[in-house]
K.L.:
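Encoded as structure tokens, here's the structure I'll be asking about.
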Protein chains: 2
Amino acid sequence: MTEPVSPHADVPPTAALLPVTVDVVALTVRDDALHVLLVERGVDPYRGALALPGGFVLPGERLAQAARRELAEETGVRPPGHLEQLRTYGPLDRDPRGPVLSVAYLLLAPEFGVVHAGSDAGGAAWHPVEPLLPAAPGPSAGPGVPTASGDPAPSGGLAFDHARILADGVERARAKLEYSALATAFCPPEFTVADLRRVYEAVWGVRLDPRNFSRKATTTPGFLAETGRTTSGGTGRPATLYRAAPNPASLPTTVPAQGATPGSAADPDDAPASVPAVLDPPLMRPRR
Amino acid sequence: MTEPVSPHADVPPTAALLPVTVDVVALTVRDDALHVLLVERGVDPYRGALALPGGFVLPGERLAQAARRELAEETGVRPPGHLEQLRTYGPLDRDPRGPVLSVAYLLLAPEFGVVHAGSDAGGAAWHPVEPLLPAAPGPSAGPGVPTASGDPAPSGGLAFDHARILADGVERARAKLEYSALATAFCPPEFTVADLRRVYEAVWGVRLDPRNFSRKATTTPGFLAETGRTTSGGTGRPATLYRAAPNPASLPTTVPAQGATPGSAADPDDAPASVPAVLDPPLMRPRR
DNA sequence: ATAATAGTGTCTTTTAGACAATATTGT
DNA sequence: ACAATATTGTCTAAAAGACACTATTAT
């Protein structure tokens, strides 16, 4: 029998002990545009500013678990979709309270309704990402965000370094659509080829030829599985309904967990589950 | 004047305070094979086992800074090459000492000599990666590592979860060669097309046609810059010497730092520096 | 019938891959 | 001259893209 050991028993005394937050870049496609889930901060620092949903990791908690908990607390629902780790920021010069490490997660999900206004944050809501991203180069485009004067937010109108984290999340999402089947994560369980095309168009900000797209999507192995059913009611010819193909030749996910709590074992969100045989050709490519 | 504030002043008391390590997957190409830098652990846990170089982040230290410090301490030299963040592991079920967060970094570098045997680790040395990776699927290949019996190492003969981290690093490296110009990070400042081809061949484990490769490499914009010089002395026709092209249309690296220590400002290693216009075509592709 | 969207056929352009042929060096 | 490696040229095959045309529904 081992007594409940105090954490960090044998860690060298010179090691830093850092508070760790998780922040979630939750993306969805809504009205043919990419949207991100943001909360209005109800506490300092950055009280009143928009921020990514997130918060501190609790003792004994896993990172992905913390991400899902924060998301649930701040939306009132348990969000669907694909959750994966994005990257880690900090610990210096990003939080006025002092050194804080932040592990960002990326959620790609079909639009889900936001119910609840959390305790320390005004309700969460979907916001179009485009005005929050750094202006594209080339011919100087429209005005960014008016940046309400007096606002302490450093960039893009978001608290902390969240504008940068958002930009990184969007870039990751754009890249993943190209060489993985993850576009389906933005769709409900059953969807049409046109739904899927609108995901690519919104995330990449391009127009794709519906005819060539249809052929490419339906003939790419491991991408779509026919349900046998079709849409009805809308105008025009009914469309075939698909769902995401079941784990296409998934890579053997190294290290399946070892001596851990069996059941909450190795974080499935952290295992690049049905992810990308790297050396396969891209699934989809934007127009040249 | 602000007094030196105690760290974590206003952090909620329920937040976990975690020790954080950095671990570095340092890869190089040596004798036409991908190698990783490993140290033999001189202290518990996993004393005597091979491990990735790394250690605890110190108070006031940045992540990439800690990665470079550990690397320097354990090799005796300041390694060249491209350093980028890989991903974050933990904090549960990965260190017998208790919950520890580990932020892994990836270094892609030309082979550099290892000088020094650090204090808490036997000397660092290059090891071929192939026997350390999980057996590829398909027809069951050769025997992995004999796994010296009595060794507490969980997998691949490496301490902690380092076999998994290594696998993730190799996968990242393989992917990056495909759509970025990072293969040059494995080369010395001046190199030939053949040198570069051997990088691809070693990392991907394939053979590439030297003639088609040469054309592709030299005609891809933003990849190579001619030095005007050529090799000499070797057998055969002298080859043109190239260096990596200077930042090809680099993306505007969001958030250039704000109120930080000017000089050690925003970590350049953490900024995806000259990284991949995502929507560009891949630079190179492995054979089908 | 008309409008609207879904999906197929076919041609053109681009890119990748195979491989002959030429170029330039050391021995 | 011969061996060895570098580099260019040319043809073929595969993939991407443009776009006419057919299919199937609602009104």
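Just so we're on the same page: letters track the sequence lines, and every chain starts at 1.
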K.L.:
Using a heavy-atom cut-off of under 4.0 Å over every strand shown, decide if A/Thr240 touches base, sugar-phosphate, or nothing.
P.N.:
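Contact class for A/Thr240: sugar-phosphate only.
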
K.L.:
So, the side chain of A/Asp31 versus the backbone of A/Ala33: is there a donor-acceptor pair under 3.5 Å, distance only?
P.N.:
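Such a contact is absent between A/Asp31 side chain and A/Ala33 backbone.
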
K.L.:
Whole angstroms only, please: what is the CG-P distance between B/Leu196 and D/dT7?
P.N.:
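Taking atom P of D/dT7 as the reference, CG of B/Leu196 is at 12 Å.
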
K.L.:
What is the minimum heavy-atom distance between B/Gly113 and B/Val77, and which atoms define it?
P.N.:
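Looking at all heavy atoms of both residues, the closest pair is O-CG2, 3.7 Å.
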
K.L.:
In whole Å, I'd like the distance from the CG atom of A/Asp209 to the P atom of C/dA6.
P.N.:
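Going from CG in A/Asp209 over to P in C/dA6 covers 13 Å.
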
K.L.:
Just how far, in rounded Å, is P of C/dA6 from CZ of A/Arg198?
P.N.:
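For the pair A/Arg198 CZ and C/dA6 P, the rounded distance is 6 Å.
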
K.L.:
Backbone N or O of B/His35 within a donor-acceptor pair of the B/Thr28 side chain at under 3.5 Å?
P.N.:
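Absent.
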
K.L.:
Check the pair B/Arg164, B/Asp168 against salt bridge (charged side-chain N to carboxylate O under 4.0 Å, His left out), reporting the backbone distance first and the verdict last.
P.N.:
CA-CA 6 Å; B/Arg164 187 210 166 159; B/Asp168 289 349; 3.5 Å; yes

K.L.:
Between B/Asn212 (CG) and D/dA13 (P), how many Å, whole number?
P.N.:
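In whole Å, D/dA13 P and B/Asn212 CG are 15 Å from each other.
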
K.L.:
Using heavy atoms to find the nearest nucleotide of DNA chain D for B/Thr192 and A/Thr235 separately, return the residue whose nucleotide is more 5′.
P.N.:
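It is B/Thr192 whose nearest nucleotide is closer to the 5' end.
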
K.L.:
What is the distance, rounded to the nearest whole Å, between atom CZ of A/Arg211 and atom P of C/dT12?
P.N.:
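About 16 Å, once rounded to whole Å.
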
K.L.:
Rounded to whole Å, how long is the line connecting atom CZ of B/Arg215 with atom P of C/dA18?
P.N.:
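Distance, rounded to whole Å: 12 Å.
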
K.L.:
For the pair made of CZ in A/Arg197 and P in C/dT5, what is the distance, rounded to whole Å?
P.N.:
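Between P of C/dT5 and CZ of A/Arg197: 10 Å.
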
K.L.:
Separation of A/Leu224 atom CG from C/dG7 atom P, in whole Å?
P.N.:
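Roughly 11 Å, once rounded to whole Å.
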
K.L.:
Toward the 5' end of DNA chain C, which comes first, A/Gly236 or A/Thr218, by nearest nucleotide?
P.N.:
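Of the two residues, A/Gly236 wins.
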
